[in-house]
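Only one structure is covered here, and it is reproduced in the block below.
On a predicted model such as this, the values are computed, not experimentally measured, just so you know.
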Amino acid sequence: MATFEFDHVTVSIRKNTILNQVRFSLESGGITALIGHNGAGKSTIMKAILGLVPIDQGSIQLAGVNQVDDGLAFKSNLSYIPEEPFLLSELTVQQHFQLYAESYQIDTEDAERLIDYYTQALEISDKRDDYPESLSKGMRQKVQTICALLPKVKLILVDEPFMGLDIYASDFLMKELKRKVQEEDAMVLLTTHQLDRLTDLTDHYIMLQQGEIIDQGKMEDFSYLKRRFEES
């Protein structure tokens, strides 16, 4: 069983502590939500995992690989769906898919099969030869989502997964994340402000406040506390 360890991580930016000794772990086969107000540290955790911000203290390990010791092996076992799609203007939609498939060393036939499946499921088969600038934000988000779903990885990071997606695409993404967790033994770490969706999607939650974890547990416990708060 693969595990992920975010071990006593501290991150400071311009002498301001953004994460303070944050520690949590994940196991394959589960979906965990990072919960907290804006500025709580959710996005910084994502960026730290991706190596986009340096950590001052602590360590990050995925499937026994330390992020610092072997960055390539570490990153080859994770994929990321950002809140805002990041696509290259000079590449077509199809070329983006091919770039990701080659980066993760996916067999050519398998990659094409997956691309066909995802583009049909998300209704963008007719956009494969288009360039990003001609696509709506929702279409660009679908492209970015497919890129992240193509590889079979240990950890999938998802930042605000439903932003820009229509209801059908959102439902498909929920089902696909669950399938990857169940069939591919992956683990998912996501952030979202749409708390009403979490009960049906996630297994666990981690609540952040001002760069520190103030609570964590099973999603059913969070749902119970949320209902009690709303009723009081």
Side-chain angles (χ1 to χ4, degrees), residues 1-84 86 100 103-105 144 147-161 177 180-182 184-192 198 201-219 221-222:
M1 176 180 289
T3 59
F4 171 79
E5 297 286 341
F6 200 85
D7 192 7
H8 292 95
V9 172
T10 295
V11 173
S12 299
I13 299 176
R14 299 188 185 93
K15 297 183 179 180
N16 294 319
T17 301
I18 310 300
L19 298 178
N20 183 24
Q21 294 286 307
V22 173
R23 182 175 186 268
F24 65 89
S25 61
L26 309 174
E27 291 186 352
S28 56
I31 301 177
T32 300
L34 289 173
I35 298 171
H37 295 298
N38 291 336
K42 304 185 301 296
S43 294
T44 303
I45 287 177
M46 293 285 193
K47 290 177 181 177
I49 296 170
L50 292 165
L52 299 178
V53 296
I55 63 175
D56 302 319
Q57 298 177 20
S59 64
I60 306 174
Q61 294 190 33
L62 174 58
V65 178
N66 187 287
Q67 182 194 54
V68 174
D69 294 341
D70 194 340
L72 182 59
F74 180 91
K75 289 183 178 180
S76 68
N77 259 324
L78 66 85
S79 64
Y80 175 51
I81 305 177
E83 180 179 357
E84 291 289 336
F86 177 75
Y100 271 74
S103 298
Y104 284 93
Q105 299 182 331
Q144 188 77 74
C147 287
L149 293 176
L150 286 175
K152 185 182 292 186
V153 295
K154 301 296 184 185
L155 175 63
I156 305 172
L157 302 175
V158 191
D159 195 0
E160 293 292 344
L177 290 175
K180 281 184 167 287
V181 164
Q182 295 168 358
E184 298 180 8
D185 213 26
M187 46 192 149
V188 176
L189 180 65
L190 63 85
T191 70
T192 182
L198 294 181
L201 177 61
T202 60
D203 307 297
H204 299 86
Y205 72 92
I206 298 170
M207 185 177 293
L208 294 160
Q209 184 177 12
Q210 296 180 343
E212 297 182 352
I213 293 177
I214 59 171
D215 192 20
Q216 59 183 312
K218 295 182 178 179
M219 199 63 224
D221 297 331
F222 174 79

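- With a 6.0 Å radius and a threshold of 12 heavy atoms from other residues, nucleotides or ligands, Glu184 has its CD atom above the threshold.
- Under the salt bridge (Lys or Arg N to Asp or Glu O under 4.0 Å) criterion, the residue pairs touching residues 67-84 are Glu84-Lys137, with sequence neighbours excluded.
- Panel note: side chain Gln144, backbone Phe86; a donor-acceptor pair is recorded below 3.5 Å.
- Using a 4.5 Å heavy-atom cutoff, the side chains of Leu50 and Tyr80 are in contact.
- Distance alone, capped at 3.5 Å, is enough to place a donor-acceptor pair between the Thr10 side chain and the Gln21 backbone.
- Here the side chains of Thr192 and Thr202 are not in contact, with every heavy-atom distance at 4.5 Å or above.
- Looking at heavy atoms from C-beta onward, His204 lies out of side-chain contact with Met219 at the 4.5 angstrom threshold.
- Classified by interplanar angle (parallel below 30°, tilted 30° to 60°, perpendicular above 60°), the ring pair Phe24/Phe4 is tilted.
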For the pair Val53 and Ile18, evaluate side chain to side chain contact (heavy atoms under 4.5 Å, CB included) and give the outcome as yes or no after the intermediate values. CA-CA 11 Å; Val53 296; Ile18 310 300; over 6 Å; no
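- In this structure a side-chain-to-backbone donor-acceptor pair under 3.5 Å is present from Lys180 to Leu149.
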Step-by-step side chain to side chain contact (heavy atoms under 4.5 Å, CB included) determination, Val9 to Ile45: CA-CA 9 Å; Val9 172; Ile45 287 177; over 6 Å; no
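- Expressed to the nearest 0.5 Å, how far CD1 of Ile213 lies from CG of Leu19 amounts to 9.0 Å.
- Side chains of Tyr100 and Ser79 form no contact here, defined as non-hydrogen atoms less than 4.5 Å apart.
- Atom CG of Asp7 sits about 11.5 Å away from atom CD of Gln57, to the nearest 0.5 Å.
- Here the side chain of Lys42 pairs a donor or acceptor atom with the backbone of His37 at under 3.5 angstrom.
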Would you check, one step at a time, whether the test side chain to side chain contact (heavy atoms under 4.5 Å, CB included) holds for Leu157 with Leu155? CA-CA 6 Å; Leu157 302 175; Leu155 175 63; 3.9 Å; yes
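- The side-chain contact (heavy atoms from CB on, under 4.5 Å) with Leu189 is formed by just one residue from the set Ile156, Ile49, Val158; it is Ile49.
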Go through it in stages, so that I can follow the logic: the residues are Val65 and Asn77, the test is side chain to side chain contact (heavy atoms under 4.5 Å, CB included), and I'd like the CA-CA distance, side-chain angles, deciding distance and then a yes or no. CA-CA 10 Å; Val65 178; Asn77 259 324; 5.6 Å; no
Could you walk me through whether Asp221 and Tyr205 pass the side chain to side chain donor-acceptor pair (under 3.5 Å) test, one step at a time? CA-CA 9 Å; Asp221 297 331; Tyr205 72 92; over 6 Å; no
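- At least one side-chain heavy atom of Ser43 sits less than 4.5 Å from a side-chain heavy atom of Asp159.
- A donor-acceptor pair under 3.5 Å links the side-chain atoms of Asp203 to the main chain of Ile31, judged by distance alone.
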